[in-house]
Amino acid sequence: MPFGIEFDDIRQYIAPVIYALVIVAVLPLMAGYIVLLERKVMAHMQARMGPMRVGPHGLLQPIADAVKLLLKEDITPKNADALMFWLAPLLSVTMALLAYAALPFGPAFQIADLDVGLLFILAISSLGIYGIVLGGWASNSHYSLLGALRSAAQLVSYETAAGLALVSGLLLGGTLSMKGLVEAQDSQGVWFIFVAPFSFFIYLIASIAETNRAPFDLPEAESELVAGYMTEYSGFRWSLYFLAEYANMIVVSGIAVTLFLGGWMRPLSGVHAHIFGLPYELLDLLPALIFFGLAAWCTKLALRQGEQIQKMVMFLFVGLFVVLGAAMAWSLTSTSLMPGIHGAFWFIVKVLVYLYGFLWFRFTFPRYRFDQLMKLGWQFLIPLALVNLVMIGIGIVLAQQFLWPLSLAMIAANVVTLIVAFWLVRQGDKPSIVVLPAEDELPAAGPGEIR
Amino acid sequence: MLPVSHYIYLSLALFIIGVIGVLTRRNVIIILMSIELILNAVNINLMAFSRMWGSVDGQIFAIFIITDAAAEAAVGLGIIIAFFRNRPTVLADEMDLLKW
Amino acid sequence: MPGLLQLTLRDSNLIMPEVMLSFFGLGILMTDFLLGPREKKWNALTALLGVGFSGVTLWELRPLALQHDQRFNDAIVIDPFFIFFGFVFLAATAIVILISVRYLDVEDEHHGEYYALMLFATVGMMFLACGNDLVTLFIALETMAISFYVLSGFLRRDRRSNEAAVKYVLLGAFSSGILAYGFSLLYGMSGSTNLNAIAESLGQRPPGDLLVVIAILTVSVGVLFKVAAVPFHQWAPDVYEGAPTPISAYVSVASSAASFALLLRLFLGAFWPVRADWAPLITAVAVLSLTLGNLAALKQNNIKRMLAYSSIGHVGYILLGLVAGNKLGLQAMAFYIFVYAFFQAGAFAIVVVLRKKGVIGDEIEDLNGLIFRNPGAAVLMLIFLLSLAGIPPTAGFIGKLLIFWALVETGHYTLAVVAVLYILPAVYYYFRFVAAMFSREATDQRPPIISFGQWVALAAIVLVTLVAGIYPEPFLRLATYSILTPFGL
Amino acid sequence: MMLDSILFYFFAALAVGSAILMVTRRNAVHSAVFLISTLLAIAGIFLQLQAEFLFVVQIILYVGGIMVLFVFVIMLVNLDVAVRQMKFNRQSWVAGLLALVLGGLAVVVYRSGGGAFNLMGAPATTMPPNAEQVGTVLFQKYFLPFEIASILLLVAMIGAVVMAKRKI
């Protein structure tokens, strides 16, 4: 039957399409609000207020920014390679979005549960580099190209460390499917961060580097390279890069959450507390309470707004939170819907926590120098990841073949890794020598003069 | 599944394009890329045969070929960089210190 | 299927020679940075030790070899063929290590990586000789080839070396690609990567099956590229000339011996049932190699380049043994490959000796008056050139003689006559160099110095060259044992 | 079934088209981009052949690894000069013609096969999910080549460092 459609097909084909549409629709909004969050966090860390004008506490700032970006003039430099200049941001954002295909937001909310899900995400996100490299090259500018080369080197280096860290998670889970990994953590009753803390740690650092975030934002270091590979971009294409960057942040957070932080599982999922004779677990009430609390807060803010339109928008938010809270509360009564909706909630909360870590790092650490970055990657993270991987392998063999308790085996394994980590840090303490590239090693600028 | 012959023709086409690339281009980096194309043609063959025989042997052979391609690319590009340092050209027929 | 651990423990002694080489290779890499710039020659000692241990473990494998032991799921086969070629590779490696030490000192490029890469290349060659599986063969071939790409470009500041490496890597990778294409077709026809299974399924195909022809054609192109047979020889002269001289020796001796091991494994093992399909191809290639190699060598003034072209001619002779295809022919092939490894290395060793500060030592003028400057070197060079030209009482003569006999025995009279005739140009171009050594005034009075290591290597080489030339009997028996028994011919 | 062939023809056309463009582009970066497109199309073919693991390996290793290296080196190596020069060498048409003739010959051979080829035979209908199977076979049957490959990669690593580093 070539084109005959049956009910199962609808579940099979239509649901993923709807998920995909939802993701594509929501993602820019989410990116915008993460930016707002970033600015707010930065402001508060620096003891100032951040965006306050557009909407209460700047809540509508992202929308204003988006409008501004879309209305900006889109400039293509004269000597740029037109095709690549056009293709690069597109590539970036496409690859960032593609990776969502295998990300499990909840037990039921996943576009495709691929057999090789994790590898697929890794593969797709490794393609994102072309957006940066080609964009930097096509701009035909020294700053852009330097940013692109840095980025290529950085991404390739840190991909290795990240991959090695993820492999230890795979060893523990015994599957490549993203869904299977969460289920493995469910059945083993422990998040893998507690079993393999070093893997999580390594992945955390490597994922920051892979998304070109501070303190590893050398490809776009504004004080050195203007804006790196994005120097020549403006308007809509620039916003595509921007979107890709934030989409990628969410992807790496999603991977980390799935692999190390129990995915969609509720924290303390082993604790079953029922008080007041309620048929629901106490901790499952939490999401609904959070949303109702947010709604109350927004109401308070809304009443204080002077402008009529701002008031309306704030009430919109109140309505949104009430609806979400009601959904959370209502889903408690349905055993079939509860895991899905609550799973998605917890997943997103965990992603936000991870992202908060990103923001925190950005405003806490100074930017690395390029050779320091490479040294950290090659001489600290990769050796540590290798040792960690071997130790976790040994731990698993001890647990499975020699029937040690898993906790004991893993503690032993991690202690060894810790010792190695200290040793590596001591090795790295020696002063480093900066070798500047010789004159003739500086790369040529982009596609050249002639077109 | 489609007949294996489809895949063999596809692979042959890529193989021939790769060979033409190796034989006609002057830029050594593009020659190396054409060689990658040849290896990919081989991989398509292996994958189709693997499917045909219902065993994964061919896929494993393909993994080894990809490994080899990686090694060759790394060494080949390293050698090209070493060459480029001493003499800034990447054109095959300007490498004339030794007669071809 | 047994578990991984049991598999490894049970079979690991079979790959001991290779394990030893890898182990010492890694050891060199790890100890290299402890050594100061003046102490780098100790790396050579480590490498020699590795070769020695590998040789001992290889010798230990003899009892297993008679049982045709196939392990690692038939990925390798331990047979006399492997033992024979293993020793050829080890001998070549040892000789090249011995002649390299002083050369690298002169070039000021003494690094541990050089020796480590040589050992890893030898690992590749060893697996090439014992591989019984397309995957093993391919990956082993590439291990060897990639080591050679790097080694031939090892003098990074020398533009000729750079150029040689670029050409080698491009053509080598190209040929590997073609070879892999052939391998994929073989897999497609038999559904297995094992050579025995391939031989079986090739035998079941109708004679003259075009698919078999294509597979064999592509595989042959790949392999003939590696042995530098015409018309796939273009890389050889350039690489031989540009590479560091010890590496030229290594490529021309060990790499071509290993490629011949691969060729024999494939043609005597997998392709033997469809002999009729490839015999004309090999004949044509052999005759072309003889012709082009010997004629192009006539006007070369560079010794390394001359040796490259003449080695193409020698490849032609060796292939003629396969053309004859009878017992004597194969025996002659094995004998030729064995002794050729020695005297070809010897000729290169003398070129290495001529290298000193400011003189590469590979032009014909550099040989001028060698007899007055260093009589020992001159006499040794004379012996090697005689052997290369095929003049008694040297090993080269016996090798050529056996080939002619085999051709006559199988009724290839024309080929035999052609092969004999090509000795004439060979004698001419080799004697141009002999004449330079013995009858010309020395242009450069400084006598070349032969280091102790080089003396050891030269002594071993000249011993084999002369003994095999005067009393070839044991070598012939070795050849029978190693080539004929494994393939049941 | 129909979807299957649509996918195949789409990817095949993409692969061949990009391959041709790759060989004919003057600019090496463009060539690289078209090669990447070919590689992705080939990955698609792998997926269509139900070799999920190889699909992912192809993307991670080839596109995400090897080609990044190529692009990196192309950018490092000054190509301004090359862009202005002839892109094909002088005897190119001879070589190209030769290759085409050989290719045509091969097509004829493949076509004329008929009974002689059992390659046209009906293939297995489905492959089992294959990441685990590939792993098992790789570490059992092809354990030795796997080990040799580690030496190969070590050699490549040493080689790349020796060649590309200014001072060792």
Side-chain angles (χ1 to χ4, degrees), chain C residues 1-4 7-8 11 14-15 18-19 21-22 25-26 29 71-76 109 111-114 116-117 120-121 123-124 127 131 133 135-140 142-144 146-147 149-151 153-154 156 162 165 185 188-189 193 205-206 208-214 217-218, chain D residues 49 54 66 70 73 77 89 91 94-95 98-99 102-121 123-124 133-168:
Chain C
M1 207 173 262
L4 186 60
L7 186 93
T8 317
D11 293 351
L14 295 184
I15 54 167
E18 292 92 342
V19 171
L21 288 171
S22 319
L26 292 171
L29 290 177
R71 293 282 183 81
F72 285 108
N73 290 303
D74 294 354
I76 55 170
E109 287 279 3
H111 301 294
E113 288 86 355
Y114 179 88
L117 283 173
F120 292 137
V123 172
F127 278 120
D133 185 287
V135 179
T136 315
L137 287 176
F138 184 73
I139 210 82
E142 286 306 303
T143 308
M144 175 189 89
I146 288 179
S147 311
Y149 304 152
V150 180
L151 284 172
F154 204 81
R156 291 162 306 143
N162 293 152
L185 290 180
M189 277 184 286
T193 52
R205 290 193 155 257
D209 186 349
L210 289 173
L211 196 58
V212 176
V213 174
I214 286 200
L217 200 68
T218 40
Chain D
L49 281 166
L54 260 289
I66 301 175
F70 269 99
V73 171
V77 169
N89 57 28
Q91 313 86 2
V94 183
L98 196 73
L102 281 177
L105 217 63
V107 171
V108 171
V109 168
Y110 284 138
R111 282 201 72 85
S112 73
F117 300 78
N118 71 14
L119 293 181
M120 307 291 180
Q133 208 190 346
V134 168
T136 316
V137 177
L138 180 62
F139 286 112
Q140 301 269 5
K141 192 170 169 192
Y142 292 96
F143 178 60
L144 185 69
F146 181 80
E147 293 297 325
I148 306 174
S150 67
I151 301 273
L152 171 72
L153 290 174
L154 178 65
V155 165
M157 192 169 77
I158 299 170
V161 171
V162 165
M163 279 297 135
K165 215 167 171 211
R166 196 158 267 267
K167 221 171 176 176
I168 41 174

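Proteins get letters first, then strands, A, B, ... in listed order; numbering begins at 1 in each. Since the model is a prediction, treat every value here as computed from it, not as a measurement.
In this structure, the separation between CZ on C/F127 and CG on D/L152 is 12.5 Å, given to the nearest 0.5 Å. Taking CE from D/M157 and CD1 from C/I146, the interatomic distance works out to 13.5 Å, rounded to the nearest 0.5 Å. Note that the CD atom of C/E18 and the CD1 atom of D/I151 stand 10.0 Å from one another [nearest 0.5 Å].
Legend: residues meeting ring pair (Phe, Tyr, Trp, His ring centres under 6.0 Å) with C/F120, ordered by chain and number and at least two apart, are absent.
Closest approach of C/S147 to D/V155, counting heavy atoms only: OG-CG1, 3.4 Å. Considering every non-hydrogen atom in both C/V135 and D/P145, the closest pair reads CG1-CB, 3.7 Å. Among all heavy-atom pairs drawn from C/R156 and D/V162, the shortest one is CD-O, 2.8 Å.
Neither the backbone nor the side chain of C/L217 comes within contact range of chain D; no heavy atom of the residue lies under 4.5 Å from a heavy atom of that chain. Interface residue D/I158: only side-chain heavy atoms are found under 4.5 Å from chain C. Of the two parts of D/L153, neither the backbone nor the side chain holds a non-hydrogen atom closer than 4.5 Å to a non-hydrogen atom of chain C. For chain D, no part of C/L137 is nearby; none of its heavy atoms comes within less than 4.5 Å.
Considering C/T136, C/T193, C/D133 in turn, C/T193 is the only one that fulfils the side-chain hydrogen bond (donor to acceptor under 3.5 Å, both in side chains) rule with D/Y142.
The residue among C/V212, C/I139, C/L29 with the most heavy atom pairs within less than 4.5 Å of chain D is C/I139.
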Would you please test C/V150 and D/M163 for side chain to side chain contact (heavy atoms under 4.5 Å, CB included) and show each step? CA-CA 7 Å; C/V150 180; D/M163 279 297 135; 4.1 Å; yes

